[in-house]
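Structure first, commentary second.
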Amino acid sequence: MTTKLDQDDLNNAVWAACDTFRGAVDATRYKDLILAVLFWKYLSDHAEWQRKDLAQRYGPDDPRVERQMKRARFVLPEGTDFKTIHAKRLADNLGELINKALEKIELENEAKLKDVFRPIDFNSETLLGATKERNRLLKLLLEDFAKPSLVLTPDKVSEDAIGEAYIYLISRFAADGGKKAGEYYTPRKISEIVARLADPKPGMTICDPACGSGALLIRAGEAAKSDDHRLFGQEVNGSTHALARMNMFLHGEDNALIEWCNTLTSPALIEDDRLMQFDRVVANPPFSLDKWGADVAETDPYKRFKPVIPPKSRGDYAFILHMLAIAKRGEGRVVCIAPHGVLFRGAAEGRIREDLVRRNLLDAVVGLPAQLFPSTGIPVCLLVFDRAREEGGARAKVKDVVFVDASREFVPGKRQNALGDEQVEHIVSTVMERRTEDKYSSIVTFAEMEANGFNLNIPRYVDTYEPEPEIDVAALQKDIDRLETELVETRKRIKLHLAELGIDG
């Protein structure tokens, strides 16, 4: 009986396979190579295992073996598998051999794997150095993934475990990658909160218009608790888009449509010349993005940035307005991660915020603890919008907003804080049950927000003030007098001891 690798063992094995590059190449750059090789190794091992299984079932020369291999979930052209290239690891043109093999795999499986390998260059002198050093690093990388601990066949590792190992690697790279990590990764517990607040149901379409490596979108799909859903995403960075495509495949989301485009200036999820509409929209967009496209917003063909264009140096509300524009009218639900500034900044952002509240779209505001992200130490918030609150929607009569201050509940860490299951459950249940809790949450009326000039800063609505304990001044003075008397006596004793020792005190 074959023993399957558990999740921790697999995670440790794939992380150990990164040793070749640690210290030699920056994590934000070598992550693409590592993740591509892990995906390639998975495809290769899975195909080899499937061929052996069919050969045992029908006989090695039975034509049904080839027919079924061609009808498989993916096809590996001859000579493109990991073992074949590993056998050529001493070749002078190793980077070129890997690139060509991956290109053939992509072309053979274009419907599912288009653009997955294309942005990743194993023959890059800029990334891996001159030929000799490049070949050395690539040889070691192939050897790392050829170890017995990384056999990724279905009898040894479940597909779910491989998908989670892939996200585990992304999270480790994010932890090492500093600010750039925020471009492609949202910590798991935050993703879980966003996914659960979005509240997807079976049969729904779910979109992340700034999907990064796709982890948040995958969690939203899981929250639907059914395979009957469809995932959509957009990502502006080519290599990150490739990671998202691989991530979808490894999690069994083969039908996910992830487009490579600039969401704000040239969205690609278009249907009949209009923005596609979705049941649920989730995102962790880049915070306060400069030069996001304000220069072309006035002529936006989809009229997303009306009546007020967000400031050109901060794209937070540009993403929020896009998310609302692609949520189905009268029923779509939106959850966005944003910096706290969106709650209180004035000028154009203040006018946009007022418009959204007046249109009864805002459903909840959640303040999270600081230092939860590898990319920033600032505290962030979650904004929940619900188009079912619009006129004619199922929740049109709901006029208040849930405010939650979850900033003080977290698991402290040396470099980064985290949220545990208890904190996640507290946030989600409070919002979904619209619960008021002393010093944690409140239900705020439209009149209260209007009276505050539509400033949504959480402390205005959730009182977390802790009164200082009363001080008995008389008793405190007695303690001070006693301590001063004791100090005088102590000094006298010290002086006597010094005199006995012949020391002038």
Side-chain angles (χ1 to χ4, degrees), residues 193-194 197-199 209 280-283 285 287-288 297 303-311 314-368 379-407 427 430-436 440-464:
I193 294 170
V194 171
L197 293 181
D199 196 27
R280 298 292 184 261
V281 184
V282 297
F287 295 164
S288 300
K303 297 179 171 46
R304 290 169 290 174
F305 313 114
K306 303 287 185 181
V308 181
I309 296 175
R314 289 193 295 266
D316 302 308
Y317 272 105
F319 280 105
I320 290 170
L321 291 173
H322 171 81
M323 294 172 76
L324 287 166
I326 64 174
K328 287 182 178 178
R329 182 174 179 82
E331 56 184 296
R333 191 167 171 88
V334 171
V335 186
C336 182
I337 302 171
H340 267 270
V342 302
L343 302 178
F344 54 79
R345 290 191 298 243
E349 291 180 299
R351 295 194 297 276
I352 295 170
R353 191 167 57 244
E354 177 180 347
D355 180 63
L356 297 179
V357 175
R358 287 192 180 280
R359 288 164 58 194
N360 199 34
L361 295 175
L362 184 64
D363 197 51
V365 178
V366 179
L368 296 177
V380 301
C381 66
L382 305 179
L383 295 176
V384 182
F385 300 93
D386 194 347
R387 298 202 66 166
R389 293 172 54 128
E390 293 177 300
E391 186 177 349
R395 300 183 65 222
K397 292 182 179 180
V398 179
K399 303 295 183 182
D400 51 32
V401 175
V402 184
F403 279 76
V404 177
D405 184 348
S407 62
I427 292 169
T430 300
V431 173
M432 301 307 286
E433 295 169 18
R434 305 185 74 76
R435 204 169 61 227
T436 295
Y440 187 76
S441 65
S442 64
I443 307 299
V444 180
T445 65
F446 173 84
E448 289 177 86
M449 291 181 283
E450 185 178 38
N452 277 305
F454 300 98
N455 183 321
L456 304 180
N457 203 16
I458 297 171
R460 288 176 178 256
Y461 306 103
V462 182
D463 181 10
T464 59

(message) Lys303: which residues meet the side chain to side chain contact (heavy atoms under 4.5 Å, CB included) condition with it, sequence neighbours left out?
(response) Lys306

(request) Taking side chain to side chain donor-acceptor pair (under 3.5 Å) as the test, write out the residues that go with Tyr440, two or more places apart. (result) none

(message) Just verifying a value: how many Å separate Ile427 CD1 and Ser441 OG, rounded to the nearest 0.5 Å?
(response) 11.0 Å

(message) Please determine whether a side-chain nitrogen of the Lys or Arg among Asp199 and Arg333 lies less than 4.0 Å from a carboxylate oxygen of the Asp or Glu.
(response) no

(message) For the backbone of Pro459 and the side chain of Asn457, can you confirm whether one donor and one acceptor N or O come within less than 3.5 Å of each other?
(response) no

(message) Strictly distance-based, threshold 3.5 Å: is any side-chain N or O of Arg280 a donor or acceptor partner for the main-chain N or O of Ala198?
(response) yes

(request) Determine the minimum heavy-atom distance between Arg329 and Arg387, stating which atoms define it. (result) NH1-NH2, 3.2 Å

(request) Report the distance from atom CD of Glu450 to atom CD of Glu354, rounding to the nearest 0.5 Å. (result) 8.0 Å

(message) I'd like to know if the side chain of Glu349 and the backbone of Val342 have a donor-acceptor N/O pair within less than 3.5 Å.
(response) no

(request) Measure across Val401 and Leu362 and return the closest heavy-atom pair with its distance rounded to 0.1 Å. (result) CG2-O, 3.4 Å

(message) Any side-chain to backbone donor/acceptor pair from Lys399 onto Ala396? Under 3.5 Å, distance only.
(response) yes

(message) Just by distance, no angles: are the side chains of Asp316 and Ser288 close enough, under 3.5 Å, to form a donor-acceptor pair?
(response) yes

(request) Might you point out which heavy atoms bring Pro310 and Tyr317 nearest each other, and give the distance in Å? (result) CG-C, 3.9 Å

(message) Nearest 0.5 angstrom please: Phe385 CZ to Asp363 CG, how far?
(response) 10.0 Å

(message) For Thr430, give me all partners under side chain to side chain donor-acceptor pair (under 3.5 Å), at least two apart in sequence or on another chain.
(response) Arg435

(request) Answer yes or no: are there more than 12 heavy-atom neighbours, outside Arg434 itself, under 6.0 Å from its atom CZ? (result) yes

(request) Return yes if some donor-acceptor pair links the side-chain N/O of Arg353 with the main-chain N/O of Arg345 below 3.5 Å, else return no. (result) yes

(request) Specify the closest pair of heavy atoms between Asp386 and Gly332, including all atoms of both residues, with the distance to one decimal. (result) OD1-O, 3.5 Å

(request) Taking the side chain as every heavy atom from C-beta outward, state whether Tyr461 and Asp405 have any pair of such atoms under 4.5 Å apart. (result) no

(message) How long is the straight-line distance from CD1 of Ile458 back to OG of Ser407, given to the nearest 0.5 Å?
(response) 7.5 Å

(message) If I compare all heavy atoms of Ala338 with all of Phe287, which pair ends up nearest, and what's the gap?
(response) CA-CE2, 4.1 Å

(request) Considering non-hydrogen atoms only, spot the tightest contact between Val398 and Asn360 and give its length. (result) O-ND2, 2.9 Å

(message) Does atom CD (Glu433) have a neighbourhood of more than 12 heavy atoms from anything else shown, all under 6.0 Å?
(response) yes

(request) Starting at CG of Leu324, measure out to CD1 of Ile352 and round the result to the nearest 0.5 Å. (result) 11.0 Å

